[in-house]
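Comments concern the structure below.
Numbers here simply count residues along the sequence, with the first being 1.
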Amino acid sequence: MDIDKIMKFSEIFIECLIPVISLYTSRKLSSTYVLHKDYKPKDISKVNLPVELRQKYTDVDVSHIASSKVKKVVLEFTTLLIEKFPPELLSNFYNNINEINIKKNHGVLLIAADGMYSCKKNKINYSAINSIYHELFHMASSVYNERKRLCYSGFSQVYYSPINRYVGNNIGFGINEGYTELMAYRYFERERGIPITYEFEVGVVEHLEKIIDQKEMEKLYLTANLMGLINNLEEYASLDDILDFITRVDLVNNHYIDNFIFPNNKMKESIISIYRFLLKTYIVKLEKQLDREIITKEEFLDKIKRYIKALGTSVKIGRHIYEYFTRENLFAILKEINIDNEEIVNLCRK
C-alpha cells in the first residue's frame with residue numbers, strides 16, 4: 001500500500017473513530033437517566049400468556065441449509081432436543097426449524113455479539129459456528145404473534161414497532177439470555193465454558209433453578225411461558241418483588257457494556273436486590289418444605305448454608321466488582337423472614 005493510500009486510510013479511520021469517542025463520552029451523561037428509566041418495575045398487565053400454538057410440522061427437514069458445517073450443528077441440536085424433551089414442549093422448535101434462515105454475517109460483531117436470532121424473521125446471523133447453539137435455543141423457544149407484534153421468546157416478551165424495531169414494555173431479557181446460555185452450555189458447550197458477557201445472568205438463573213427446579217424451568221422456557229415462571233415464584237414471593245427482580249436483572253443485562261467504563265450506584269443497588277430476592281425466596285421455599293415435613297430442621301439449615309455459599313458475596317460486571325452480601329446484610333435479610341440468623345451465620349463460617 002503506498003503512502004497516499006495509507007494517509008487516506010488514516011483519515012477515514014479517524015473520521016470513523018470520532019463518533020465512537022463521542023458515544024463513550026456522552027454515555028456517561030445519559031447513563032444515569034437511562035438506568036433510572038430502566039429501573040421502573042415492569043407492569044404485570046404487560047406480561048402476556050403464551051399463545052395457543054398450532055404445530056405446522058411433525059418432523060424436521062434441514063435440506064434448505066446450504067452450509068454443511070451449519071447443517072451438522074443443526075442436526076446435532078435436533079437430535080438432542082427430540083431425545084431429551086417430550087413432543088409437547090417442542091411445538092416452537094418444529095414450527096421454526098423447518099423454516100429457519102441461517103447466515104454467516106460478521107456484522108454481528110459490531111454489536112459485541114457472536115450471533116443473533118430474529119424472532120420476527122426466524123433468522124440467525126452468526127460470526128462463529130459455536131454461537132449457533134445459543135441462537136438455536138432462542139429459535140426453539142420463540143413464537144411471533146403478528147397481530148400483537150409481540151415476540152414470546154423463552155422468558156422474555158418483546159414488542160416490535162411496524163418498522164421492525166423494539167419498542168417499550170419489553171421484559172425478561174436478562175433472565176432469558178442467562179437461561180439460553182445455560183441451556184447451550186449444559187447440552188453442547190461445556191468445553192467452551194460460559195462467555196464472560198453472560199456469567200452474571202447464568203449465575204442468577206442457576207440459583208433460580210434451586211427455587212423452580214430444572215425440569216420445570218426448561219419446560220417453561222421451551223414453551224415461552226414467562227407468566228408460568230412468575231406464577232411459580234408467587235408461591236414463595238410477592239408479585240411486586242418478582243417483577244422488581246426481573247426488572248433488575250434486565251437492567252444489569254442492558255447496561256453491561258457501559259459498565260465496562262463507568263460503575264454506577266443503581267447497578268450496585270440492583271445487584272444487591274437480585275441476590276437478596278434469590279436468598280429470601282429460596283429460604284421461604286425451604287420453610288414451606290420444613291412445615292410439610294418434606295425436610296428436617298438439620299436439612300433446612302444445611303441447605304441454607306450451602307445456598308448462601310453458592311451465592312457468594314460479590315460479582316464482577318465489566319471491570320467493576322460489586323459486593324452484595326456482608327455479614328450485616330445477611331443478618332438483616334434473615335431477620336426479615338424470622339430465621340434464627342445467628343445459627344445460620346455460624347454455619348456459614350464453617
Side-chain angles (χ1 to χ4, degrees), residues 31 34-44 46-48 111-117 119 134-135 137-138 141-142 150-159 166-186 194-212 217-218 220-221 224-230 232-233 237 239-260 264 266-279 281 311-312 315-318 320 322 324:
S31 177
V34 176
L35 275 163
H36 277 80
K37 178 176 176 290
D38 284 352
Y39 165 69
K40 184 178 179 182
K42 309 297 184 180
D43 181 352
I44 188 62
K46 305 299 182 185
V47 179
N48 288 257
I111 56 170
D114 290 328
M116 176 178 290
Y117 173 69
C119 173
H134 179 104
E135 307 311 326
F137 270 114
H138 278 314
S141 60
S142 294
L150 172 61
C151 173
Y152 301 81
S153 184
F155 294 126
S156 68
Q157 295 186 3
V158 180
Y159 285 86
Y166 295 147
V167 293
N169 302 324
N170 301 329
I171 182 171
F173 260 30
I175 291 175
N176 189 51
E177 285 301 327
Y179 208 74
T180 301
E181 185 57 38
L182 178 60
M183 293 283 277
Y185 171 76
R186 176 176 287 158
I194 303 293
I196 189 171
T197 50
Y198 289 127
E199 283 182 345
F200 172 78
E201 292 87 346
V202 170
V204 168
V205 296
E206 283 183 311
H207 299 309
L208 199 59
E209 276 193 338
K210 297 293 190 298
I211 302 166
I212 311 298
M217 286 278 286
E218 291 182 341
L220 295 169
Y221 171 80
N225 194 350
L226 173 62
M227 183 62 82
L229 177 64
I230 292 171
N232 271 267
L233 286 170
L239 181 59
D240 286 345
D241 285 348
I242 295 165
L243 294 174
D244 181 75
F245 165 72
I246 294 171
T247 299
R248 291 181 184 276
V249 179
D250 282 352
L251 182 146
V252 176
N253 176 260
N254 289 339
H255 294 277
Y256 180 86
I257 297 296
D258 39 296
N259 194 69
F260 264 102
N264 191 285
K266 187 61 71 177
M267 180 80 78
K268 183 176 181 178
E269 289 172 16
S270 291
I271 291 167
I272 291 172
S273 182
I274 288 165
Y275 282 92
R276 283 171 63 91
F277 173 87
L278 289 167
L279 178 57
T281 306
L311 288 174
V315 65
K316 188 175 183 181
I317 308 289
H320 309 288
Y322 294 96
Y324 46 83

Leu226 vs Ile230, test: side-chain contact (heavy atoms from CB on, under 4.5 Å). Steps then yes/no. CA-CA 6 Å; Leu226 173 62; Ile230 292 171; 4.2 Å; yes
Set out, in order, the CA-CA distance, both residues' side-chain angles and the distance that settles side-chain contact (heavy atoms from CB on, under 4.5 Å) for Met267 and His255, then state yes or no. CA-CA 8 Å; Met267 180 80 78; His255 294 277; 3.7 Å; yes
Going through the distances and angles, do Phe200 and Val252 end up as a side-chain contact (heavy atoms from CB on, under 4.5 Å)? CA-CA 9 Å; Phe200 172 78; Val252 176; 3.5 Å; yes
side-chain contact (heavy atoms from CB on, under 4.5 Å), that's the test. Do Asn225 and Met227 meet it? Break it down for me. CA-CA 5 Å; Asn225 194 350; Met227 183 62 82; 3.9 Å; yes
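For the atom pair CG of Leu182 and CD of Glu201, the computed distance is 12.0 Å after rounding to the nearest 0.5 Å. The distance from atom OG of Ser156 to atom OH of Tyr221, rounded to the nearest 0.5 Å, is 8.5 Å. Phe277 contributes atom CZ, which lies 6.0 Å from atom CD1 of Ile211 (distance to the nearest 0.5 angstrom). The distance from atom OH of Tyr275 to atom CG of Leu311, rounded to the nearest 0.5 Å, is 7.0 Å. The line from CG of Leu239 to CG of Leu233 is 10.0 Å long, rounded to the nearest 0.5 Å.
Annotation: side-chain contact (heavy atoms from CB on, under 4.5 Å) contacts of Ile272 (sequence neighbours excluded): Lys268, Arg276, Tyr324. Looking at residues two or more places apart in sequence or on another chain, you find a side-chain contact (heavy atoms from CB on, under 4.5 Å) between Val249 and Ile175, Val204, Phe245, Ile274.
In terms of heavy atoms, Phe173 sits closest to Asp250 at N-OD1, 2.9 Å. Smallest separation of non-hydrogen atoms from Ile242 and Ala237: CD1-O, 3.7 Å. Between Ser142 and Cys119, the closest heavy-atom pair is CB-SG, 4.0 Å. Of all heavy-atom pairs spanning Asn176 and His138, the tightest one is ND2-CE1, 3.6 Å. Contact between Ile212 and Met217 at its shortest, heavy atoms only, is O-CG, 3.0 Å. Closest non-hydrogen pair, Tyr179 versus Glu209, comes out as OH-OE2, 2.5 Å.
Put simply, the side chain of Asp244 never gets that close to the backbone of Asp240: no donor and acceptor are under 3.5 Å apart.
Partner of His134 under the ring pair (Phe, Tyr, Trp, His ring centres under 6.0 Å) criterion, out of Tyr198, Tyr117, Tyr185: Tyr198 alone.
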